[in-house]
Amino acid sequence: MAEGTQESGTEKPREESDDSLSPEERELRARWEREQEQLKWRLVEGDTEEWQEEATFAGLQRVGGLDLSFVKGDEANACASLVVLSYPDLEVVYEDCCMVNLTAPYVAGFLAFREVPSLVEAVERLQDKDPSLMPQVLLVDGNGVLHHRGFGVACHLGVLTGLPCIGIAKNLLQVSGLENDELHKEQIRNLQTGGDTFPLVESSGKVLGMALRSCDKSTKPIYISVGHKMSLESAVRLIHSCCRYRVPEPIRQADIRSRAYIRQNFPHLS
DNA sequence: GCGACAG
DNA sequence: ATCTTGTCGC
């Protein structure tokens, strides 16, 4: 190994075009950025389905949730899970857990390149096994248009699958003027009950997403943004209706099941 | 030294 | 993402 060329110990993900990046890293990011720009042309930000216009989402019967859980201390091996819940009952009607081997590293701003291939495969397995259970909307861990280049993992997955998609992040991605500063914390304190929201406005004035107090019991909001084929207003309304706890039930179930799968198959290695 | 950096 | 169980409180 050429130790002299390595940074001392800790890695530091930084913005593209940073001097500290190796030529390889820079080239990878440039390629990924070009791919995001290409896919972005196919992004649809508004409602496209009839059920989305209904006040009670009449016509919506299946909501999908996706998640990845990792083997402790292992960068590459993960369990990808796709669950489908009935709507509005939120009962699990389909579950698929699959061990996958991830090749791409996690780079902030490029999460999709690490996670999306496995998620698309999960959707394709469902298409093969029982297309009648295909969800009408997908809930994804991470952001949609609330992203450095307006194309987060939820957009990426939406465009590749053609399905309506919503991004749900548990932490604020601080991009284009959005900061977790005192003002933001004050806005959070002002969220009184489940369903309360405030908009996340970028410096240009565009609303990139919404902070949502997802249930009465949780003080910390979740961050909703448009993934694909769904307006922000519909997305927030739907997510709130899917929350028994802080994390929307489809994603929570995917999370629970993928972690259980890993515990079951990898008892205690590290 | 501390913060940022979705998962 | 992961490291981590019980415990204090409404």
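Given the structure is predicted, the values throughout are model-derived calculations rather than measurements. Below, chains carry the letters A, B, ... as their sequence lines are ordered, and counting in each starts from 1.
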Distance in angstrom units between [X] [atom1] and [N] [atom2], rounded:
{"X": "A:R149", "N": "B:dA6", "atom1": "CZ", "atom2": "P", "value": "13 Å"}
{"X": "A:R263", "N": "C:dT5", "atom1": "CZ", "atom2": "P", "value": "11 Å"}
{"X": "A:F266", "N": "C:dC3", "atom1": "CZ", "atom2": "P", "value": "14 Å"}
{"X": "A:L68", "N": "B:dA6", "atom1": "CG", "atom2": "C1'", "value": "13 Å"}
{"X": "A:R114", "N": "C:dT2", "atom1": "CZ", "atom2": "P", "value": "11 Å"}
{"X": "A:N180", "N": "B:dC5", "atom1": "CG", "atom2": "P", "value": "9 Å"}
{"X": "A:E115", "N": "C:dA1", "atom1": "CD", "atom2": "C1'", "value": "8 Å"}
{"X": "A:D74", "N": "C:dC3", "atom1": "CG", "atom2": "C1'", "value": "15 Å"}

| query | If you look at every strand shown and take non-hydrogen atoms under 4.0 Å, does A:V175 touch a base, only sugar-phosphate, or nothing? | reply | nothing
| message | Under 4.0 Å, counting only non-hydrogen atoms across every strand here, what does A:G109 touch: a base, just sugar-phosphate, or nothing? | response | base
Sticking with atom [atom1], work out how far [N] lies from [M], rounded to a whole angstrom.
{"N": "B:dC5", "M": "C:dT2", "atom1": "C1'", "value": "15 Å"}
{"N": "B:dG1", "M": "C:dG6", "atom1": "C1'", "value": "34 Å"}
{"N": "B:dC2", "M": "C:dT5", "atom1": "C1'", "value": "30 Å"}

| query | So does A:R189 pair up with A:E182, basic N to acidic O under 4.0 Å? | reply | yes
| Electrostatic pair A:E27-A:R34, nearest N-O below 4.0 angstrom | yes
| Residue pairs passing the side-chain hydrogen bond (donor to acceptor under 3.5 Å, both in side chains) test where at least one lies in residues 157-175 of chain A, sequence neighbours excluded | A:D141-A:K170, A:N171-A:K220
| field | Under the 3.5 Å Watson-Crick or G-U criterion, the dot-bracket string of DNA chain C, with | for inter-strand pairs | value | ..........
Kindly list each side-chain donor-acceptor pair under 3.5 angstrom involving residues 113-122 of chain A, sequence neighbours excluded, with atom names and distances?
from	atom 1	to	atom 2	distance (Å)
A:R114	NH1	A:A104	O	2.7
A:R114	NH2	A:E75	O	2.7

| A:K72 side chain, from C-beta outward: closest of C:dC3, B:dG7, B:dC5 | C:dC3
| remark: Regarding the side chain of A:Q174, the nearest nucleotide among B:dA6, B:dG7, B:dC5 is B:dC5
| Side chains of A:Y87 and A:C242: closer than 4.5 Å at any heavy-atom pair? | yes
| task | Could you go through the side-chain hydrogen bond (donor to acceptor under 3.5 Å, both in side chains) check for A:S81 and A:D67 one step at a time? | result | CA-CA 5 Å; A:S81 81; A:D67 191 43; 5.6 Å; no
| message | Whether A:N171 contacts B:dG7 is assessed here as follows: a side-chain N or O lying under 4.0 Å from the phosphate OP1 or OP2. Is that the case? | response | yes
| remark: Listed range with range, the stems formed with DNA chain B by at least 3 consecutive Watson-Crick or G-U pairs (under 3.5 Å) are none
| Taking only residues two or more places apart in sequence or in another chain, which ones pass side-chain hydrogen bond (donor to acceptor under 3.5 Å, both in side chains) with A:H184? | A:Y223
Side chains of residues 52-60 of chain A: which donor-acceptor partners sit under 3.5 Å, not counting sequence neighbours?
from	atom 1	to	atom 2	distance (Å)
A:Q52	OE1	A:T48	N	2.8
A:Q52	OE1	A:E49	N	2.9
A:Q52	NE2	A:K229	O	2.9

| Taking everything shown except A:E186 itself, do over 12 heavy atoms lie less than 6.0 Å from its CD? | yes
| Side chain A:D128, main chain A:R125, donor-acceptor under 3.5 Å | no
| said: Taking 5.5 Å and 30° as the limits, would you call A:Y106 and the base of C:dA1 a stacked pair? | reply: no
| task | Select from A:K217 and A:R259 the residue whose nearest nucleotide in DNA chain C is closer to the 5' end of that strand. | result | A:R259
